[in-house]
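Down below is the structure, laid out as structure tokens.
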Amino acid sequence: MFVTKTSLCSTVLTQNSAVLNFVHWRHVARQRVPIETIIGGLLQVPEVELVKFLKNVLDAIFEIMDDPDANAEHKFDDLLFNALVFTLGVVVDRRFIPFGAVIDNYVDRDFTSLTCWRNLTTSFLRLLRDPTRKEPRDAIKVWGYWIKFIVRSGLSSARANVPSEGGPSFTDLLGEVLLGIERMMSMSTPEAIGAQTLALQHFPQLIPDLAGVYGPADLVSSVVGFTDSVRGSKV
């Protein structure tokens, strides 16, 4: 007589309440759970659990970001940017590097936001005001990924003739980001060395996506500007 024991394991369903709350944020918010609580819960999810639901989590991040009621007056832009950085940070972990292809596939096939370019650029610019903190360093480590969302969103918005909110244009804001990076690199304060070192290491990751926005002359000018700015630092 043989006895067979089986166990059921699903990579589609999860019992992690933080992931469930975030993915189903609209339903949870209707239960009077604050949006900031829903987003904050995601930041506590273990990497091994988060990596199973990258598409679902990314969908929810941009849904909240683009929702005029949930994110009224861009109230949660910075918290959502932190959530995006946290999520992308999983795929640069050595254990999960192959999942970087999931992000690339998501950008190419599933990403649809036409307005998040403004949210993401302005949030990163705010981080650059104090590059001595941990948050800018975390963002720089994965900027090779989140720049893809900015560029895809900005270019798609331009093609769709999405009305401007009255602020800087897509290319102007992207230029401000590059100038902000240069200002950070030219800082001589020792506390900025960590962020500067990471920027020097990861700057080449920006170039392929920037090439989709700028012509050869402008792209070379941006690279030269970054290179020149390094001379003033202690990196």
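Each residue takes its place number in the sequence, starting with 1.
The NE2 atom of His24 lies 12.0 Å from the CD1 atom of Ile38; values are rounded to the nearest 0.5 Å. One finds the CG atom of Asn119 at 6.5 Å from the CG atom of Asn71 (value rounded to the nearest 0.5 Å). Put simply, CG on Asn56 and CG on Leu20 are 10.0 Å apart, with the number rounded to the nearest 0.5 Å. Of the inter-residue distances, the one linking Leu58 atom CG with Ser113 atom OG reads 12.0 Å to the nearest 0.5 angstrom. Atom CG in Leu120 sits 14.5 Å away from atom NZ in Lys148 (nearest 0.5 Å). Summarising the geometry, atom OG1 belonging to Thr87 is positioned 8.0 Å from atom CG belonging to Leu43; distances are rounded to the nearest 0.5 Å.
In the displayed structure, Glu73 atom CD is contacted under 6.0 Å by at most 12 heavy atoms of other residues, nucleotides or ligands.
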- Would Lys55 and Asn105 count as a side chain to side chain contact (heavy atoms under 4.5 Å, CB included) if you check the C-alpha gap in whole Å, the side-chain angles of each, and the deciding distance to 0.1 Å? CA-CA 10 Å; Lys55 179 185 182 303; Asn105 186 68; over 6 Å; no
- Item | Chi angles and distances behind the side chain to side chain contact (heavy atoms under 4.5 Å, CB included) call for Val90, Val48 | CA-CA 8 Å; Val90 173; Val48 69; over 6 Å; no
- Passes side chain to side chain contact (heavy atoms under 4.5 Å, CB included), Leu127 versus Asp78? Steps please. CA-CA 9 Å; Leu127 287 183; Asp78 292 348; over 6 Å; no
- Item | Evaluation steps, side-chain hydrogen bond (donor to acceptor under 3.5 Å, both in side chains), between Asp77 and Ser123 | CA-CA 7 Å; Asp77 278 1; Ser123 288; 5.0 Å; no
- side chain to side chain contact (heavy atoms under 4.5 Å, CB included) between Phe22 and Val28, intermediate numbers included: CA-CA 8 Å; Phe22 192 76; Val28 176; over 6 Å; no
- Query: Can you check salt bridge (Lys or Arg N to Asp or Glu O under 4.0 Å) on Arg152 and Asp209, steps first, answer last?
  - Reply: CA-CA 9 Å; Arg152 175 60 65 92; Asp209 291 285; over 6 Å; no
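In this structure, the side chains of Val177 and Leu125 come closer than 4.5 Å at one or more pairs of heavy atoms. In this structure the side chain of Val230 reaches within 4.5 angstrom of the side chain of Leu200, judged on heavy atoms. Between Phe170 and Ile150, the closest side-chain pair of non-hydrogen atoms falls below 4.5 Å. Residues Leu79 and Ile35 have side chains not in contact (no heavy-atom distance under 4.5 Å, counting atoms from C-beta outward). Looking only at side-chain heavy atoms (C-beta outward), His74 and Thr122 stay at 4.5 Å or farther from each other. Counting heavy atoms from C-beta on, the side chains of Tyr145 and Val92 come closer than 4.5 Å. With contacts defined as side-chain heavy-atom distances shorter than 4.5 Å, the pair Met187/Pro131 qualifies. Contact check for Ile140 versus Met184: side-chain heavy atoms found under the 4.5 Å cut-off.
Under the 4.5 Å side-chain heavy-atom criterion for Ile, Leu, Val, Met, Phe, Trp and Tyr, Ile64 and Val33 are members of the same hydrophobic cluster. Cluster annotation: Phe99 is connected to Val107 through the hydrophobic network of ILVMFWY side chains, with a link wherever side-chain heavy atoms come within less than 4.5 Å. Put simply, Leu179 and Trp117 are part of two different groups of oily side chains (I, L, V, M, F, W, Y) that touch within less than 4.5 Å, one to the next.
Here Trp25 pairs with nothing under the ring pair (Phe, Tyr, Trp, His ring centres under 6.0 Å) rule; sequence neighbours left out. Listed by chain and number, the residues in a ring pair (Phe, Tyr, Trp, His ring centres under 6.0 Å) with Phe62 are Phe111, Phe149 (sequence neighbours excluded). For Tyr214, there are no ring pair (Phe, Tyr, Trp, His ring centres under 6.0 Å) partners two or more places apart in sequence or in a different chain.
Summarising the geometry of Gly180 relative to Leu128, their closest heavy-atom pair is C-CD1, 3.7 Å, with the distance given to 0.1 Å. Between Ser156 and Leu114, the closest heavy-atom pair is CB-CD2, 3.5 Å. Across all non-hydrogen atoms, the minimal contact from Phe81 to Met65 is N-CE, 4.5 Å. Smallest separation of non-hydrogen atoms from Leu219 and Ala211: CD2-CB, 3.8 Å. Of all heavy-atom pairs spanning Ala83 and Ile39, the tightest one is CB-CG2, 4.0 Å. Summarising the geometry of Val23 relative to Ala60, their closest heavy-atom pair is CA-CB, 4.3 Å, with the distance given to 0.1 Å.
Residues in residues 89-100 take part in these side-chain hydrogen bond (donor to acceptor under 3.5 Å, both in side chains) pairs, two or more places apart or across chains: Asp93-Arg95. Applying the side-chain hydrogen bond (donor to acceptor under 3.5 Å, both in side chains) definition to pairs two or more places apart or across chains, none involves residues 174-184. Residue pairs that meet the side-chain hydrogen bond (donor to acceptor under 3.5 Å, both in side chains) test with at least one member in residues 34-46, sequence neighbours left out, do not exist here.
A donor-acceptor contact shorter than 3.5 Å is absent between the side chain of Ser157 and the backbone of Ser153. Judged by distance alone, the side chain of Ser221 and the main-chain N or O of Ala217 form no donor-acceptor pair under 3.5 Å. Put simply, the side chain of Ser169 gets close to the backbone of Asp172: a donor and an acceptor are under 3.5 Å apart. In this structure, the side chain of Arg126 does not engage the main chain of Thr121 through any donor-acceptor pair within 3.5 Å.
Relative ring orientation between Phe124 and Trp146 is described as tilted, the plane-to-plane angle lying within the 30° to 60° band.
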